[in-house]
Amino acid sequence: MSLLFKHLRVHQVFGANTDVGKTILTTALVRASAFTKSGVFYLKPVSTGSMDVADDEHIKRYTAPWSDHVFTECLYRYQEPVSPHLAVKLAAEQNGQSQPVIPTNETFITSIANHIRECARKTSRTSDLYVETAGGIHSPTLSGTTQAEAYRPLFLPTVLIGDSKLGGISTTISAYESLILRGYIVDSVLLFRDNYYRNYEYLQQYFADRGVHVASVEAPPEHLPNPQENFVSTQRYYDSLLTPDAEEGIFSSLKHLDQCHIRRLEELDSMPRRTLDNVWWPFVQHGSVKDEKDVTVIDSAYSDYFSIRAPDKSASFQSSLLQPQFDGSASWWTQTFGHTHSSLTLAAARAAGRYGHVMFPKATNLPALKLAETLIHDGPGKGWASRAFFSDDGSTGMEVALKMALRAYSKRHNLDRTSQKSLGVLGLKGSYHGDTIGAMDACEEDGVYTCEWHNAKGFWLEAPWLSMRHEQVVVTVPSSITGEGEPITYGMMSMASTYDVEKRLSEPDELATVYRDYLERTLTSLRKNGDFQLGALVLEPLIMGAGGMIFVDPLFQRVLVDVVRGLDSTPAKSGWSGLPVIFDEVFVGLHRIGMESTTSLLGVFPDISVNAKILTGGLVPLAVTLASKSIFEAFLSDNKADALLHGHSYTAHAVGCEVANETLALIKKVTSSEEYVQAQQLWGAGPGRENKVWSLWDPQFVEKVSEMDGIVSGVMALGTVLAIQLRDSKPGYTSHSAEAVFKPLLLPEEDDWTMFSSPGGAPFGVHYRTLGNVAYFMTSLTTSSSTLRTLEDKIWKILQVHDQQREI
């Protein structure tokens, strides 16, 4: 990940194109740094062509007077003067290799990062390091990935060498925008001063309007055929750039780069205090945040990692001021492919450039239309949904769902205004549907996510839950269901059989009968004696997330839906019956738990469902509420007041919809990848197999954790989610036990250098979130198996220590 040092200023040098003078201007920067600094380092990661024209040799040749403190290095060198991706293949062919060994992007970036760290260790004085790329910004690296993509994990501040030739204005601006789209910090644009095309004049004004520093210098003399004469001519040229009257050129660039470095350091140092003084965090008790060290400063993010300001205590093993930290909650359950996925960024830019934001009522735009069609006909709504309603986020999407359901119920039963006001919902204890007032009203009264206006409207059933203990999945059935004094646990045959709902329904199953009897009895009593009328069933299918990562017995939820739909003595001829059923799939939907929709496992369709979070890959907020035809028709009439009078200023915003379309297309590729197939096979799941559930987490690891009686009371994993419930005398959301136990995860261990590490080769800590005594860890859909195994090792070590302590 990103590297930043107090004493070593690092800049990478990109060219707007090939043959723009990148090496000449980098040489000028190195000489200027050598003139003012105690140490200068130059790195050419990849060089193609003969040694006599190699860029690092050019640097050596023209910085000879400072050879005692100018250090050059090239990591990968190939003889053929072609693009690196081709040079590595040609080299293999020349060596008789039928299958060339091509360094991966990870290997390539790690080698660069390790060299940068080595340079930082070599000097304790103020020094500079320049990393010169090859060709233009999109020239391929060894793997074939473009440089703009391949170098991004390092997140080094950039000097862009502009193009002074005909057409150079366009190539320079295009190169700049390509870098900005990928999040690069472009500190300066440097180019030759051509007095005919005078590109520098235009570019100075263009970039000045964007706050980007531009410097220009005279172009070098023509190459002379005599090597000695050419050397003397070139040397004079470089000398001229260091004269006092040239301070508006190279020296101005050097001064500006130094200032940018200092500002970045100052900003990182000041951010914790400024945050504590100005920000009100969600879900944080500010009274417990006493010190600036409690503020995690995220400087950037890439893939599954944050790049954070390193705590002072970590300086003993890592001199960089930044360190990688695994995003262990997928940034509150939103990340799909990790951070800064360029395909999503480009999708957002594509829609922003075409539309910005446009009105949606009685209008349409292509991204929104395509998204609605995909979700209804080829997504979670396939087979039941008729319409898609757009809103801002999961909570607002759920409020839309509640409005739809309650209106449909009211209309069918011809309820007057007074009766409508007394309508409530049927749900499960521990459920959570968002923090807007209406969504909170659809949760139990004594939940923690409440406010002064919270008015619980409905009835909440205590649900049986699943956990793995001693390598066996058990169902814990509350006493409210069994009628016994204590909860009763039932051992299941396997994870696969537990989630085979259709088989559990078709074969004699004691629990199916227990559930049905309890639900019919309870609902009959509510209808006779309740102070309110139920207008909808609201469920978080399979897992209740914020309520504590509660893995609900799927059989209970299926029986609940069946019983609710059988409430009408005369079932509806079409559409919903009993109560409209809402599935809140904001958290679990779109493969977060290994399936596109929970309907495939539960064996029933809802009447309304909500998707968000993963929908846009974690880039922008957007929610979609899907509804069946009968729900939609409940709002049809000639009266405007009967319409669904609900909306948001950014309804169906084109940027979010285009990103969602791109996300859904990428999900299809990811979920058919080799990594997914292998993970499914470990769980005995996948195409053609009876088992429908699986996880990216290793089943043997989950089983081992389930045996740790001293510290763990239960563990479960589905898809990207791992939830570990710790033993606690006072469990619940307000407990701090999970946070305390896993605190060591925040910092990397010193011996992590020998294990798999983050992009860039550094050991990483883990940023995690807890729900009281429940610790949960969540990956993106593309987290590698090697990263997962490392996470499992880290979690296992911590649990082992605490488990042994409990035993003692």
Side-chain angles (χ1 to χ4, degrees), residues 1-6 8-14 41 43 45 75 104-120 128-133 137-138 141 145-160 175-189 212 257 260-269 271 296-310 314 318-327 331 335 337-346 618-619 748 757-765 767 780 787:
M1 293 295 284
S2 184
L3 298 169
L4 181 67
F5 307 88
K6 283 186 178 180
L8 180 67
R9 173 179 63 74
V10 186
H11 275 84
Q12 66 186 3
V13 183
F14 271 115
F41 300 90
L43 174 64
L75 300 178
T104 63
N105 286 341
E106 291 76 14
T107 300
F108 178 62
I109 289 302
T110 297
S111 64
I112 297 172
N114 287 339
H115 181 80
I116 294 173
R117 293 188 191 99
E118 185 61 31
C119 291
D128 295 340
L129 167 60
Y130 298 96
V131 180
E132 184 186 346
T133 61
I137 64 165
H138 286 304
T141 56
T145 304
T146 72
Q147 292 187 122
E149 293 286 347
Y151 280 87
R152 177 56 181 80
L154 295 172
F155 195 63
L156 300 175
T158 296
V159 175
L160 175 62
Y176 169 79
E177 290 181 348
S178 288
L179 292 171
I180 294 300
L181 277 173
R182 287 163 179 80
Y184 285 96
I185 299 171
V186 180
D187 278 340
S188 183
V189 175
V212 178
L257 296 179
C260 289
H261 180 67
I262 292 169
R263 279 199 300 270
R264 190 174 177 199
L265 295 177
E266 291 174 344
E267 194 164 67
L268 273 176
D269 286 341
M271 284 175 69
T296 300
V297 177
I298 302 175
D299 180 68
S300 63
Y302 181 82
S303 183
D304 288 318
Y305 298 86
F306 302 141
S307 185
I308 68 166
R309 179 178 179 262
S314 66
Q318 188 180 33
S319 56
S320 174
L321 299 177
L322 300 173
Q323 72 177 35
Q325 192 176 64
F326 185 84
D327 181 2
S331 279
Q335 293 304 305
F337 317 111
H339 299 273
T340 65
H341 196 289
S342 60
S343 293
L344 302 187
T345 307
L346 290 170
L619 188 63
S757 49
S758 64
F764 62 88
H767 187 276
S780 65
T787 299

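It should be emphasised that the depicted structure is a prediction, and the values quoted were computed from it without experimental measurement. Counting from 1, the numbers follow the sequence of the chain as shown.
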- Nearest-0.5 Å distance, CG of residue Leu8 to CD1 of residue Ile116: 8.0 Å
- Begin with the C-alpha distance, continue with both residues' side-chain angles, and end with the deciding distance and a verdict on side chain to side chain contact (heavy atoms under 4.5 Å, CB included) for Leu4 and Leu268. CA-CA 11 Å; Leu4 181 67; Leu268 273 176; 3.3 Å; yes
- Message: Going by the rule ring pair (Phe, Tyr, Trp, His ring centres under 6.0 Å), which residues pair with His115 if we only count those two or more places apart in sequence or in a different chain?
- Response: none
- Item | Minimum-distance pair of heavy atoms, taken over all atoms of Ser307 and Ser2 | OG-CB, 3.3 Å
- List in chain and number order the residues that pass ring pair (Phe, Tyr, Trp, His ring centres under 6.0 Å) with Phe155, two or more places apart in sequence or in another chain; answer none if no residue qualifies. none
- Message: Contact between Val131 and Pro45 at the side-chain level, heavy atoms closer than 4.5 Å - yes or no?
- Response: yes
- Task: Report the distance from atom CD1 of Ile112 to atom OH of Tyr151, rounding to the nearest 0.5 Å.
- Result: 4.0 Å
- Sub-6.0 Å ring centroid separation between Tyr176 and Tyr184: no
- Message: If the condition is side chain to side chain donor-acceptor pair (under 3.5 Å), which residues does Ser343 pass it with, not counting sequence neighbours?
- Response: none
- Given Val10 and Leu3, is the side chain to side chain contact (heavy atoms under 4.5 Å, CB included) satisfied, shown in steps? CA-CA 8 Å; Val10 186; Leu3 298 169; over 6 Å; no
- All heavy atoms of Ile109 vs all of Pro153, minimum pair found to be CG2-CB, 4.2 Å
- State, with a plain yes or no, whether a side-chain heavy atom of Asp269 is found less than 4.5 Å away from one of Arg309. yes
- Euclidean distance, Asp299 CG relative to Gln323 CD, rounded to 0.5 Å: 12.0 Å
- Note on the structure: Here the pair of heavy atoms bringing Gly618 nearest to Gln335 is O-NE2, 3.3 Å
- Who are the side chain to side chain donor-acceptor pair (under 3.5 Å) partners of Gln12, not counting sequence neighbours? Thr158
- For Ile298, all residues meeting side chain to side chain contact (heavy atoms under 4.5 Å, CB included), sequence neighbours excluded: Thr296, Phe306, Ile308
- Query: Once you round to the nearest 0.5 Å, how far does NZ of Lys6 lie from CG of Leu321?
  - Reply: 6.0 Å
- Note on the structure: Across all chains, not counting sequence neighbours, the ring pair (Phe, Tyr, Trp, His ring centres under 6.0 Å) partners of Tyr130 are none
- Do Arg264 and Cys260 have side chains that get closer than 4.5 Å, going by heavy atoms? no
- Where do Leu257 and Ser188 come nearest, in terms of heavy atoms and distance? CD2-CB, 4.0 Å
- Task: With side chain to side chain contact (heavy atoms under 4.5 Å, CB included) as the test, would you mind laying out the steps for Thr141 and Gln147 before giving the verdict?
- Result: CA-CA 6 Å; Thr141 56; Gln147 292 187 122; 3.7 Å; yes
- Item | Heavy-atom check, side chain of Val212 versus side chain of Leu160, under 4.5 Å | no
- Task: Quick one: do His339 and Leu344 satisfy side chain to side chain contact (heavy atoms under 4.5 Å, CB included)? Show the steps, please.
- Result: CA-CA 10 Å; His339 299 273; Leu344 302 187; over 6 Å; no
- How would you list, by chain and number, every residue that makes a ring pair (Phe, Tyr, Trp, His ring centres under 6.0 Å) with Phe5, sequence neighbours excluded? none
- By side chain to side chain donor-acceptor pair (under 3.5 Å) - contacts of His11 (at least two apart): Arg9, Asp187
- Find the distance between OG1 (Thr133) and CG (Leu43) and round it off to the nearest 0.5 Å. 11.0 Å
- Message: I want to check something: taking the side chain as every heavy atom from C-beta on, are Leu346 and His341 in contact at a cut-off of under 4.5 Å?
- Response: no
- Kindly assign one of parallel, tilted or perpendicular to the pair Phe764 and Phe326, based on the angle between their ring planes and the thresholds 30° and 60°. tilted
- Any donor-acceptor pair under 3.5 Å linking the side chain of Ser111 with the backbone of Phe108? yes
- For Glu267, salt bridge (charged side-chain N to carboxylate O under 4.0 Å, His left out) partners two or more places apart: none
- How would you list, by chain and number, every residue that makes a salt bridge (charged side-chain N to carboxylate O under 4.0 Å, His left out) with Glu118, sequence neighbours excluded? Arg121
- Mind checking what makes side chain to side chain donor-acceptor pair (under 3.5 Å) contact with Asn105, not counting sequence neighbours? Ser143, Thr145
- For Thr146, all residues meeting side chain to side chain contact (heavy atoms under 4.5 Å, CB included), sequence neighbours excluded: His138, Ala148, Glu149
- What is the distance from atom CD1 of Ile185 to atom OG of Ser300, rounded to the nearest 0.5 Å? 8.0 Å
